[in-house]
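For reference, the structure is listed below as structure tokens.
Keep in mind it's a predicted model, so treat the numbers as computed, not measured.
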Amino acid sequence: MNQPVVGRCCCTALILGLSGSSALPGSWAGNFQQACQVYGLGNFKQAAILFQEIAEATPSAGTLHNLGNAQWQCGRVDEAILAWERARW
């Protein structure tokens, strides 16, 4: 059974949007890039952990959306939907 692929390009687009901006303070921008990298490598559990840490420190729609994508890929449907709904606020 094939699982849907949700938001594969979202991380890349957000990284490009963050380059040269101060959207995330200090090391959080680096952590965001790291989270996107591990997501791209298929390590969704680690990506979810990193996106969760970033969302707790500096919540943003993009981070929450990516958190939802990582949770979805881990099979955590409830957590994914919650993150996506929080991203809409």
Value for CG (L67) from CD (E53), rounded to nearest 0.5 Å, stands at 11.0 Å

* Return yes if some donor-acceptor pair links the side-chain N/O of W72 with the main-chain N/O of V77 below 3.5 Å, else return no. => no

Point to revise | Test item: T58 side-chain N/O and I54 main-chain N/O as donor-acceptor pair under 3.5 Å | key: yes

N/O donor to acceptor pairs below 3.5 angstrom from side-chain atoms of residues 40-52, sequence neighbours left out:
unit_1, atom_1, unit_2, atom_2, d
N43, OD1, Q46, N, 3.2
Q52, NE2, E56, OE2, 3.0

CD (Q37) and CG (N31) are apart, to the nearest 0.5 Å, by 11.0 Å

Here the gap from T63 atom OG1 to R86 atom CZ, rounded to the nearest 0.5 Å, amounts to 10.5 Å

Between N69 and Y39, the two heavy atoms sitting closest are CB-OH, 3.6 Å

dist Q71:CD -> L82:CG (nearest 0.5 Å) comes out at 9.0 Å

So salt bridge (Lys or Arg N to Asp or Glu O under 4.0 Å) across residues 69-84, not counting sequence neighbours, yields none

